[in-house]
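Report on the structure given below.
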Amino acid sequence: MCGIVGYIGPKEKKEIILDGLQELEYRGYDSAGMAVIEDHKLQNFKAVGKLVNLREKTKEYNSDGFGISIGHTRWATHGKPTELNAHPHLGKYSYVVHNGIIENYQELKQELSDEGFVFLSQTDTETIVHLFEKYHNSGLNSFDAFQKTIQRLEGAFAILLITEAQSDTIFFAKNGSPMLIGFDSNDVYFASSDTPIIGKAHEVCYLNDGEYGYARPGDVKLFDSNGSKEINKKPLVTNKAMAQKEGYRFFMEKEIYEQSTVVSDTMIGRASANGIKFEELSSLSLEGITSIKICACGTSYHAALASSYLFERLAKMRCSVEIASEFRYKEPLLDPDTLFITISQSGETADTLEALKMAKKAGLKSLTICNMDNSSIVRESDAAILTRAGIEKGVASTKAFATQMMVLWMLSLKFAKERGTISDEKFSEEITAMLQVPKSLIISDKLHGKITRLSKRYLHGHGFFYIGRDIFYPLALEGALKLKEISYLHAEGYPAGEMKHGPIALADAELFTIALMPQTSHYDKIKSNVEELSARDATILSISPLPFELADDFIQTDHATHPMLEFFEMMVVTQLLALEISIRLGNDVDMPRNLAKSVTVE
Ligand code: F6R
């Protein structure tokens with residue numbers, strides 16, 4: 001996730017770009033930059049850190065004549081947050097800003113380097129501007145060179161490119177990352193979402209994947225693979241708060257819906273039919289490593305717990321999981337043949353960070369799975385895999401968990417392959433299922449509508465038990481945590497087989513059991529556990545692909561070909577259930593009482 005803004009017109013461009021980027025800062029803020037061409041003169045500014053640093057750097061600069069401008073706020077995917085890696089990226093006479101990931105950038109970079117192009121940054125984005133200049137230098141006009149450039153790109157992108165060779169024009173393209181064009185008489189705006197242009201533009205065109213074109217004052221031309229296209233303009237909404245949530249009632253809701261996209265972003269360049277690849281791990285050797293220990297807190301701990309089943313089952317590596325605050329004071333025995341993994345959305349959780357420091361001190365190799373580049377935990381770790389969930393605004397974590405689970409699944413498969421513990425057939429079955437996950441995370445109106453209707457029956461009672469077995473046990477813990485956090489109702493996650501060892505004493509009609517009943521993982525076992533509860537009059541909400549006659553309520557899931565597909569789908573159901581119950585109770589879903597997004601104290 002990064003944010004992009006562009007403007008063509010006579011107004012003060014610096015302010016339009018900075019104000020626009022301010023609205024998009026939630027999409028990334030490890031560096032920012034802008035480029036302006038005015039009077040054929042190109043100016044470029046970049047600053048590491050939050051936008052305020054770019055404001056400071058440009059405070060003496062004015063740009064109030066006619067000109068073109070592009071700006072970017074960055075969420076690092078390739079390369080550290082440095083000024084050289086900040087956008088816009090420079091060729092000899094052109095600049096580009098980009099949101100997304102160019103999957104084939106290494107191949108393109110090699111080709112361009114062999115031809116003498118010099119790369120200044122570690123980013124995938126820089127290939128775009130050199131590719132453009134390569135084609136332009138070969139005699140193509142600017143638009144043809146741009147068109148040829150984007151034809152070479154694989155992956156997700158939203159791109160704005162400007163060049164001194166045609167200094168009144170912005171070239172644009174969209175494929176998989178958001179981009180829109182705003183119109184106000186002859187002025188033209190670009191942005192990653194509505195908010196930067198509200199109050200400035202009056203009409204908007206939301207670009208579709210595969211569309212590209214060029215814009216000059218009062219003249220925008222749009223194309224796709226079939227040639228030139230009509231521009232479909234709509235009136236622009238005027239409510240900024242609504243626009244930030246893109247029509248969703250809460251950021252948490254928006255983030256639940258984003259999961260299909262961010263999980264797919266997390267897989268780009270890493271998972272394909274050919275296998276699993278993590279460039280980030282090239283310097284981390286598994287030699288001599290025989291086991292894994294994972295430390296984390298809260299939701300990240302639940303991801304860790306679920307992954308321990310995968311590491312042991314697929315990669316045949318002993319895997320122990322500990323809550324970081326417990327690990328710190330138990331005087332743990334640590335062996336150097338253990339890979340120490342931390343998982344953290346924020347990268348700043350104090351207990352997880354301290355656990356990591358202890359492991360390092362004991363000589364363990366460390367790897368973090370984190371959503372925040374340049375965070376303390378990333379800096380402290382030997383290697384880091386970023387989860388690419390984008391900024392998570394809702395305090396209750398949703399999309400970060402989904403991306404953590406995807407990384408952990410990919411990692412367990414990579415280890416399995418390297419250690420020779422998985423057959424080719426099983427490996428390809430896993431990959432086939434994995435590639436279907438983004439689709440399984442798309443939420444239908446029917447499903448959401450059903451959960452909304454059903455939620456009214458779950459507002460009272462004396463407690464919730466979320467139950468599951470195997471990887472669905474950590475998912476039950478996570479489902480219960482989501483409900484607790486935002487509804488303030490008491491909920492517990494439990495291994496289904498453990499209920500009869502005590503908690504079943506609580507069973508009566510006011511005890512709500514949310515039963516995760518996947519078809520592909522121990523269905524008959526969990527069915528018996530739920531029957532035991534039903535016999536004691538507990539109210540049962542079953543989540544399963546298979547109808548269950550003893551269920552008081554039933555939410556039917558679709559994807560029953562692989563346990564992980566069922567896992568991701570059931571994860572969405574539990575998230576939506578917590579959301580809808582919380583909304584009905586009138587709570588502040590995004591900022592629940594007593595909680596904070598980043599827990600930097602012990
Ligand atoms: C739950 C939640 C918390 C965090 C926990 C760890 O919705 O957000 O339980 O998971 O505080 O935070 P990170 O992952 O940032 O280390």
Side-chain angles (χ1 to χ4, degrees), residues 75 250-256 258-259 262 266 294-307 321-328 340-357 359 366-381 384-408 466 474-489 491-493 571-572 574-579 581-582 587-602:
W75 170 269
F250 292 95
F251 282 109
M252 181 183 173
E253 184 178 28
K254 175 171 167 256
E255 287 158 7
I256 293 171
E258 273 171 10
Q259 290 180 118
V262 295
T266 298
I294 315 184
C295 262
C297 302
T299 291
S300 300
Y301 166 74
H302 297 152
L305 208 55
S307 74
V321 177
E322 303 208 36
I323 289 180
S325 56
E326 285 300 308
F327 173 83
R328 285 178 66 183
F340 191 81
I341 301 183
T342 52
I343 306 176
S344 177
Q345 188 287 124
S346 62
E348 301 297 344
T349 302
D351 284 317
T352 311
L353 180 60
E354 287 310 312
L356 167 61
K357 287 181 183 163
S366 60
L367 165 67
T368 189
I369 292 162
C370 188
N371 199 36
M372 295 295 218
D373 199 5
N374 208 33
S375 58
S376 306
I377 293 179
V378 166
R379 288 198 310 266
E380 193 69 34
S381 302
I385 300 178
L386 296 180
T387 42
R388 301 180 187 160
I391 303 271
E392 195 175 53
K393 279 198 161 185
V395 164
S397 182
T398 51
K399 60 177 182 168
F401 177 72
T403 54
Q404 288 167 350
M405 280 311 305
M406 179 46 81
V407 166
L408 288 158
Y466 282 68
L475 184 60
L477 291 174
E478 174 58 10
L481 179 64
K482 287 292 85 84
L483 187 71
K484 275 191 274 229
E485 287 183 290
I486 59 172
S487 74
Y488 320 140
L489 295 169
E492 274 191 72
M571 173 196 77
V572 170
T574 57
Q575 293 166 342
L576 289 175
L577 185 65
L579 174 85
I581 291 176
S582 171
N587 298 342
D588 184 342
V589 170
D590 287 332
M591 277 188 257
R593 69 186 187 200
N594 306 339
L595 300 178
K597 189 68 194 156
S598 177
V599 186
T600 52
V601 289
E602 227 192 292

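Note that the structure is a prediction, hence the values are computed from the model and not measured. In each ligand, atom 1 is the first atom listed, and ligand 1 is the first ligand listed.
- A donor-acceptor pair under 3.5 Å links the side-chain atoms of Glu348 to the main chain of Ser376, judged by distance alone.
- When only interatomic distances are considered, the shortest N/O to N/O separation between Thr352 and ligand 1 does not fall below 3.5 Å.
- A salt bridge does not link Lys393 to Asp590: none of the charged nitrogens lies less than 4.0 Å from a carboxylate oxygen.
- Evaluation of the side chain to side chain donor-acceptor pair (under 3.5 Å) rule for Lys254 yields Glu258 as partners, not counting sequence neighbours.
- Every atom of ligand 1 is numbered from 1 in the order shown, and the set under 4.0 Å from a heavy atom of Ala396 is 7 (O).
- Closest non-hydrogen pair, Cys297 versus Thr349, comes out as SG-CG2, 3.8 Å.
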**OP:** Determine, step by step, whether Tyr301 and Val321 satisfy the side-chain contact (heavy atoms from CB on, under 4.5 Å) criterion, reporting the C-alpha distance in whole Å, the side-chain angles of both residues, the deciding distance to 0.1 Å, and the verdict.
**Re:** CA-CA 8 Å; Tyr301 166 74; Val321 177; 3.6 Å; yes
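- Checking each of Ile385, Thr368, Asn371 against Val378 for a side-chain contact (heavy atoms from CB on, under 4.5 Å) leaves exactly one that passes, namely Thr368.
- Distance alone, capped at 3.5 Å, is enough to place a donor-acceptor pair between the Gln259 side chain and the Ile256 backbone.
- With ligand atoms numbered from 1 in the order given, ligand 1 contributes 5 (C), 6 (C), 10 (O) to contacts under 4.0 Å with heavy atoms of Cys297.
- Selection from Gly394, Ser346, Ala400 by nearest heavy atom to atom 15 (O) of ligand 1 gives Ser346.
- Below 4.0 Å from some heavy atom of Ser344 lie the following atoms of ligand 1, by number and element: 13 (P), 14 (O), 15 (O), 16 (O).
- Listed by number with element, the atoms of ligand 1 under 4.0 Å from a non-hydrogen atom of Ser300 are 10 (O), 13 (P), 14 (O).
- The protein atom (non-hydrogen) at minimum distance from atom 11 (O) of ligand 1 is Val599 CG2, 4.0 Å.
- Those atoms of ligand 1 with a heavy atom of Gln345 less than 4.0 angstrom away are 13 (P), 14 (O), 15 (O), 16 (O).
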Let me check something: any side-chain donor-acceptor pairs from residues 400-407 under 3.5 Å, sequence neighbours excluded? List them with distances.
from   : atom 1 : to     : atom 2 : distance (Å)
Thr403 : OG1    : Lys399 : O      : 3.1
Thr403 : OG1    : Ala400 : O      : 2.9
Gln404 : NE2    : Ser300 : OG     : 3.1

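- Each of the following atoms of ligand 1 lies closer than 4.0 Å to a heavy atom of Glu485: 1 (C), 2 (C), 7 (O).
- The single protein non-hydrogen atom nearest to atom 16 (O) of ligand 1 is Thr349 OG1, 2.5 Å, given as residue, atom name and distance.
- The proximity of Lys482 to ligand 1, defined as any non-hydrogen pair under 4.0 Å, is limited to the side chain.
- Nearest protein heavy-atom neighbour of atom 4 (C) of ligand 1: Thr299 N, 4.0 Å.
- Shown here for Ser381 and Ile377, the closest heavy-atom pair between the two residues is OG-O, 2.7 Å.
- Using a 4.0 Å heavy-atom cutoff, Val395 is listed among the residues neighbouring ligand 1.
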